[in-house]
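Worksheet: one structure, shown below.
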Amino acid sequence: MPESSFGRNKRLLTARAYQAVFSDTCYKVAHPNLLLLAKPNGLCQPRLGLVVAKKNIRRSVDRNRVKRVVRETFRHSQSLLDSLDIVFLARQGMDRLTPREQTDLLENSWRRLSRKLQAEQ
RNA sequence: GGAGUUGGCCAGACAACCGCCGCUUUAAUUUCUCGCUAUCUCCGCAGGUGAUGGUGGGAGUGAGGGGGAGGAAAGUCCGGGCUCCAUAGGGCAGAGUGCCAGGUAACCCCUGGGGGGCGUGAGCCUACGGAAAGUGCAGCAGAGAGUAGACCGCCGAUGGCCGCAAUACGUUGUGGCACAGGUAAGGGUGAAAGGGUGCGGUAAGAGCGCACCGCGCAACUGGUAACAGUUUGUGGCACGGCAAACCCCACUCGGAGCAAGACCAAAUAGGGAUCCUUUGGCGUGGCCCGCGCUGGAUCCGGGUAGGUUGCUUGAGGUGUACGGUGACGUGCACCCUAGAGGAAUGGUUGUCCACGACAGAACCCGGCUUAUCGGCCAACUCCCUUU
């Protein structure tokens, strides 16, 4: 399995998996434009779930753009995030950033999450 | 060359690397799973559990090939297909449509035609049925707004009043007043003032009369029809506007939507039928019968999580021939062009140029509407210049 792939096994696929992260959050990264929730999953790889609500980002083009940036940066940063289930939630204003700013913000956020994880250990 | 009209087309390009989702070819048979089957093991009354091997299928993995958002994918405003539910037939209510003819699966769409309006023109716009079935509405202004009307103005023939003259004393002629009255020419108000122009006519006027124009009705002619007509006859002539006011007339219309609907179905709990069983155990009861609970197997029915399907081959494109003014139809040939599902169609770097708008499929089609950086092509119109 290459380090930078992003297949079906690295996503949260069921409502139950999402609920588990929501109700049993261990790590949290907050920003005015986004929120990351995470919890250890006991596997040997991280998994990602996305929540991008129409209420927060109106146009579907912008929603797709945000989801792509999140997935892409997760793909590159996943070596920092072993065995976590992570849920990304978009907040209002995310669509007003340029794609460049979104990418930078996400890469920072993954690093913050990774530091929290290491501090715990 | 400039300005414009109509119709159509494109939607940054190329390369490398890293990803995502279907399809397809192939490999290894290692991991997981299911079916059939053989051997062994353990528990048992009936029957089951586990391990190993063989075989077939599925998932997953590696490698290769090929495909992967739009002209509006949008708004969800119309019309269908498809699915389930309802449904004898008729009427009412409600909603929609509204010049005519055609196209279409259908339409509030499209095409052609007619009427009206705008533009020098190519062209564009048009809810464009009925107001002599009824009810109703019309602010302000204005004298008057639908059975017309007298503010200014005009007239004042006729009647009245006041002069003057004549007189046969009955009146007659003439001048004035604007009292009665007449008037729809002119002014003024208004979106709109009840045909227009001219001549005659009159006290002044007036379709009051006539001519022409216009209008209504009828006939005729042309046209499938809407409608048109240097046509004929007839009527002095309104029958005003609003029906996106009620209404009348004609025609159309069942409801819900792919989260429609169909199928498979674990674990746990639980329903029904048949058969088997140390012809067991427990409860009820003093005891027997009986009743209830408690085993095993097979089958049936409901059905949650989850999965599969519906799901992309279709009123389909492209080319061509023929028919038609055209929308479109028919024949033939070729092509297969996203199918996700916590939701793919992307990221990085480099090069180039006109430096890239609006914007993301969610069952599928036909339209309409709205958003949109720019560019290209064709036909046509007007103006200018040159030959």
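Small disclaimer: the values here were computed from a predicted structure and weren't measured. Each chain gets a letter, A, B and so on, in the order its sequence line appears, and its residues count up from 1. Because only heavy atoms are used, hydrogens play no part in the values below, and waters and symmetry mates are left out as well, while side chains stay in.
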Can you tell me the Watson-Crick or wobble partner of [N], both distances under 3.5 angstrom?
N: A211(B); value: U197(B)
N: A51(B); value: U39(B)
N: G149(B); value: none
N: C382(B); value: G2(B)
N: G112(B); value: C100(B)
N: U318(B); value: A333(B)
N: C161(B); value: G176(B)
N: U83(B); value: A256(B)

Do the side chains of [Y] and [X] get nearer than 4.5 Å, heavy atoms only?
X: Leu36(A); Y: Trp110(A); result: yes
X: Leu105(A); Y: His31(A); result: yes
X: Leu106(A); Y: Phe74(A); result: no
X: Arg91(A); Y: Leu34(A); result: no

Atom pair distance, as rounded to whole Å: [atom1] in [X] and [atom2] in [N]:
X: Leu48(A); N: G19(B); atom1: CG; atom2: C1'; value: 14 Å
X: Asp104(A); N: U348(B); atom1: CG; atom2: P; value: 11 Å
X: Arg11(A); N: A340(B); atom1: CZ; atom2: P; value: 13 Å
X: Leu106(A); N: G346(B); atom1: CG; atom2: P; value: 18 Å
X: His76(A); N: G19(B); atom1: NE2; atom2: P; value: 9 Å
X: Phe88(A); N: A343(B); atom1: CZ; atom2: P; value: 12 Å
X: Asp95(A); N: G360(B); atom1: CG; atom2: C1'; value: 15 Å
X: Phe74(A); N: G347(B); atom1: CZ; atom2: P; value: 19 Å

[N] glycosidic torsion: syn (within 90° of 0) vs anti:
N: G71(B); value: syn
N: G170(B); value: syn
N: G50(B); value: anti
N: U337(B); value: syn
N: A166(B); value: anti

Partner residues of Gln102(A) under the side-chain contact (heavy atoms from CB on, under 4.5 Å) criterion, sequence neighbours left out: Arg65(A), Val66(A), Val69(A), Met94(A), Leu97(A)

field: Whichever of Thr103(A) and Phe22(A) has its nearest RNA chain B nucleotide further upstream toward 5'
entry: Phe22(A)

query: Of the nucleotides U348(B), G19(B), U345(B), which one has an atom closest to the side chain of Arg68(A)?
result: U345(B)

query: When we call it a touch if two heavy atoms are under 4.0 Å apart, what does Val69(A) touch: a base, just sugar-phosphate, or nothing?
result: nothing

query: Does Arg65(A) place a side-chain N or O at less than 4.0 Å from the phosphate oxygens OP1/OP2 of G347(B)?
result: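 Indeed, a polar side-chain atom of Arg65(A) lies that close.
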
query: Can you tell me if the side-chain N/O atoms of Arg71(A) get under 4.0 Å from OP1 or OP2 in A343(B)?
result: yes

With [atom1] as the reference atom in both, quote the distance from [N] to [M] in angstrom, rounded to an integer.
N: A343(B); M: G22(B); atom1: P; value: 12 Å
N: C239(B); M: G195(B); atom1: P; value: 10 Å
N: C100(B); M: C251(B); atom1: P; value: 13 Å
N: U120(B); M: G94(B); atom1: P; value: 49 Å
N: G285(B); M: A267(B); atom1: C1'; value: 42 Å
N: U369(B); M: U126(B); atom1: P; value: 10 Å

- request: Could you identify which residues of residues 53-64 of chain A place a heavy atom less than 4.0 Å from some atom of RNA chain B, listed by residue number, or say none?
  value: Arg59(A), Ser60(A), Val61(A), Asn64(A)

